[in-house]
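Because only heavy atoms are used, hydrogens play no part in the values below, and waters and symmetry mates are left out as well, while side chains stay in.
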Amino acid sequence: MRKLVSTAALGTALVMSGPALADTLLEVEAEHVNGNVPMPMFAVDASWPELPDNLILGQAPGLAVDKNDNIWVLNRPNSLDFSETGADNGQSIACCNAPPHVLQFDQEGNLLRSWGGTDLAPGESTMEGEGRDAVEVGDEQWPANVHGLYVDDDLNVWIGGNGGGDHVVLNFTTDGEFIRQIGTRQQTDGNLSQEYLGNPADIHYDGESVLVADGYINKRIIEFGADDLAFEHLWGAYGTQPGGGTRDGEFDQSQASSTGDGGANPESDSFGDIVHCVTRGPDSTIYVCDRRNNRVQVFRETADGVEFVEDIVIAEETGGTRTASDVAFSPDGKYVYIADMMNGRVWILLREGHEIVGWFGRNGRYPGQFIWLHSVDVDSMGNVYTTEVSTGRRVQRFVMTGMSE
């Protein structure tokens with residue numbers, strides 16, 4: 001293994017970036033496994049973002065870079081405990097408050113806007129009973145546990161959820177005004193339903209249609225029209241009818257690392273029990289993260305629907321939380337970045353042929369390291385952003401410093 005960012009190379013990048021950034025860029029662990037192909041190099045900005053002093057970030061299960069290179073982060077305030085939010089509950093004279101669910105940052109890491117919560121979505125619910133016997137009663141549409149974030153070219157925001165009864169995708173304006181929704185909380189009807197969802201994990205909207213990775217209860221991709229959200233198409237692994245059944249009961253986090261499914265099977269005829277991402281790529285391609293099977297499946301959109309292109313297998317022997325959790329692309333479309341949750345790496349592949357060029361990152365809690373690496377995205381300058389869930393609870397910025405020799 002060799003470090004991609006040498007002291008000399010990093011020094012050059014720091015001079016170009018200015019003295020303030022120079023003080024906060026740190027080397028990251030990385031390996032260039034295919035020396036015949038240049039590889040993008042990164043340093044982590046340890047000072048990014050600049051959260052207000054009174055806020056602390058919770059689990060971050062969603063990430064999007066918009067057309068203006070602002071960075072949106074989906075946050076779970078409900079993942080913070082009493083000691084972390086002492087200012088909210090009156091038990092601390094110092095810090096901290098939980099932030100809203102949706103956060104927008106500029107390139108410098110300044111918080112531009114934030115919003116979220118049950119008041120923004122239709123319906124209203126209450127909890128009846130106590131502890132494990134508590135039951136939600138009502139028609140509240142804001143997810144109990146948010147998951148997945150997409151910001152389209154109109155700067156409208158799409159959010160999913162994977163908590164109890166969260167069978168809904170919500171659409172909001174930039175400032176959090178409710179527009180519309182797909183599905184209905186507390187209602188699900190299996191892999192062949194054209195109306196209801198099953199804990200959607202991710203969303204992609206291109207102005208022509210909406211793709212949903214329907215993903216924690218169901219095991220499929222489903223597509224809706226952009227204007228009227230009418231059902232258009234659904235498919236499972238290899239572009240066939242979704243198989244493999246649905247999750248029995250509600251999802252809980254312990255199932256994300258269980259071996260009850262027998263382990264990853266990159267040759268499975270069905271998606272595994274977490275269809276974790278859906279992303280449109282160049283040349284009419286669609287990339288789908290079949291996380292529990294350690295693979296990304298690539299499809300191509302055609303006049304008749306979609307056709308399967310190929311499997312991209314990522315560290316197939318990996319267990320635990322498994323590997324392929326999200327996909328992003330370099331601005332020129334030459335490279336594919338795949339977030340690997342269990343191994344704490346961002347894999348770098350050539351988009352043409354999907355050959356692995358190298359990787360950066362490792363498991364750990366220091367800058368440039370990951371705990372439950374969840375999401376990845378890229379801005380127009382090639383800088384990479386990541387988020388983490390479980391006890392990771394971070395968003396990180398990796399500044400592109402150049403190309404390897």
Could you work out, with side-chain hydrogen bond (donor to acceptor under 3.5 Å, both in side chains) as the rule, every residue matching T386, not counting sequence neighbours?
none
Determine, stepwise, if the pair S325 / D340 fulfils side chain to side chain donor-acceptor pair (under 3.5 Å).
CA-CA 6 Å; S325 63; D340 177 343; over 6 Å; no
Mind jotting down which residue pairs meet the disulfide (SG to SG under 2.5 Å) criterion with at least one end in residues 369-405? Sequence neighbours excluded, please.
none
From OG1 (T323) to CG (D290), nearest 0.5 Å
9.0 Å
Grab the two heavy atoms, one from V210 and one from G225, that are nearest each other, plus how far apart they are.
CG2-O, 4.4 Å
Do other residues, nucleotides or ligands put more than 12 heavy atoms under 6.0 Å from D332 CG?
yes
Is it true that Y287 and H354 share a donor-acceptor pair across their side chains at a distance under 3.5 Å?
yes
Kindly assign one of parallel, tilted or perpendicular to the pair F308 and F299, based on the angle between their ring planes and the thresholds 30° and 60°.
perpendicular
Show, in sequence, the C-alpha distance, side-chain angles and deciding distance for N156 and T173, and conclude whether the side chain to side chain donor-acceptor pair (under 3.5 Å) test is met.
CA-CA 5 Å; N156 292 326; T173 67; 5.5 Å; no
Holding to salt bridge (charged side-chain N to carboxylate O under 4.0 Å, His left out), I want the full list of residues that pass it with D283, two or more places apart in sequence or in another chain.
R351
Can you list every pair that meets ring pair (Phe, Tyr, Trp, His ring centres under 6.0 Å) and has a residue in residues 106-144, with sequence neighbours left out?
H101-W142, W115-F172, W142-F172
Show, in sequence, the C-alpha distance, side-chain angles and deciding distance for Q255 and R247, and conclude whether the side chain to side chain donor-acceptor pair (under 3.5 Å) test is met.
CA-CA 10 Å; Q255 296 169 335; R247 189 184 297 278; 3.1 Å; yes
Side chains of S125 and V137: does their closest heavy-atom pair fall under 4.5 Å?
no
Quick one: do the E355 and N34 side chains pair a donor with an acceptor below 3.5 Å?
yes
Report, as yes or no, whether the 6.0 Å neighbourhood of atom CD on E310 holds more than 12 heavy atoms from other residues, nucleotides or ligands.
yes
Taking side chain to side chain contact (heavy atoms under 4.5 Å, CB included) as the test, write out the residues that go with Q187, two or more places apart.
T184, Y196
Which pairs pass ring pair (Phe, Tyr, Trp, His ring centres under 6.0 Å) with one or both residues in residues 54-88, sequence neighbours excluded?
none
Give me each pair satisfying salt bridge (charged side-chain N to carboxylate O under 4.0 Å, His left out) with a member in residues 177-197, each pair once, sequence neighbours excluded.
E136-R185, D166-R185
Would you sort out whether W347 and F360 count as a ring-ring contact (aromatic ring centres under 6.0 Å, His included), showing the intermediate values?
CA-CA 7 Å; W347 296 88; F360 68 86; over 10 Å; no
Distance in Å, I221 CD1 paired with H204 NE2, rounded so as to fall on 0.5 Å steps:
12.0 Å
Gap between atom OG1 of T174 and atom CG of D154 - 0.5 Å precision:
8.5 Å
Can a salt bridge be assigned to the pair R280 and E223 using a cut-off of 4.0 Å between side-chain N and carboxylate O?
yes
C289 SG to D202 CG distance, which is reported to the nearest 0.5 Å
7.5 Å
Show me the pairs that pass ring pair (Phe, Tyr, Trp, His ring centres under 6.0 Å) and involve residues 257-278, at least two apart or across chains.
H147-H276, H276-H374
I want to check something: taking the side chain as every heavy atom from C-beta on, are P200 and N218 in contact at a cut-off of under 4.5 Å?
no
Find the distance between CG (L197) and CD1 (I182) and round it off to the nearest 0.5 Å.
6.5 Å
Residue list, side chain to side chain contact (heavy atoms under 4.5 Å, CB included) with S92, at least two apart or on another chain
A94
Would you kindly say whether N265 and N293 are connected by a side-chain donor-acceptor distance under 3.5 Å?
no
For residues 380-393, the salt bridge (charged side-chain N to carboxylate O under 4.0 Å, His left out) pairs (sequence neighbours left out) are E84-R393, E388-R394
How about D81: does its CG atom have over 12 heavy atoms from other parts shown lying under 6.0 Å from it?
yes
With side chains defined as the heavy atoms from C-beta onward, is the minimum distance between K219 and T246 less than 4.5 Å?
no
Does the side chain of V395 reach to within under 4.5 Å of the side chain of P49, using non-hydrogen atoms?
yes
Polar side chain donor-acceptor pair, T318 to N294, under 3.5 angstrom
no
Given the rule in the ring-ring contact (aromatic ring centres under 6.0 Å, His included) test, do F370 and F398 qualify, once you have shown the distances and angles that lead to the verdict?
CA-CA 12 Å; F370 305 110; F398 295 84; 5.7 Å; yes
R322 side chain near R295 side chain, heavy-atom distance below 4.5 Å
no
Set of residues satisfying side-chain hydrogen bond (donor to acceptor under 3.5 Å, both in side chains) with respect to Y385, sequence neighbours excluded:
Q107, D379, R397
List for me each residue that meets side-chain hydrogen bond (donor to acceptor under 3.5 Å, both in side chains) alongside D269, sequence neighbours excluded, and say none if there are none.
none
CA sep, side-chain torsions, deciding dist, call: D311, Q297, side chain to side chain donor-acceptor pair (under 3.5 Å):
CA-CA 5 Å; D311 277 320; Q297 287 210 321; 2.8 Å; yes
Rounded to the nearest 0.5 angstrom, the CG-OG distance for L350 and S330 is 9.5 Å
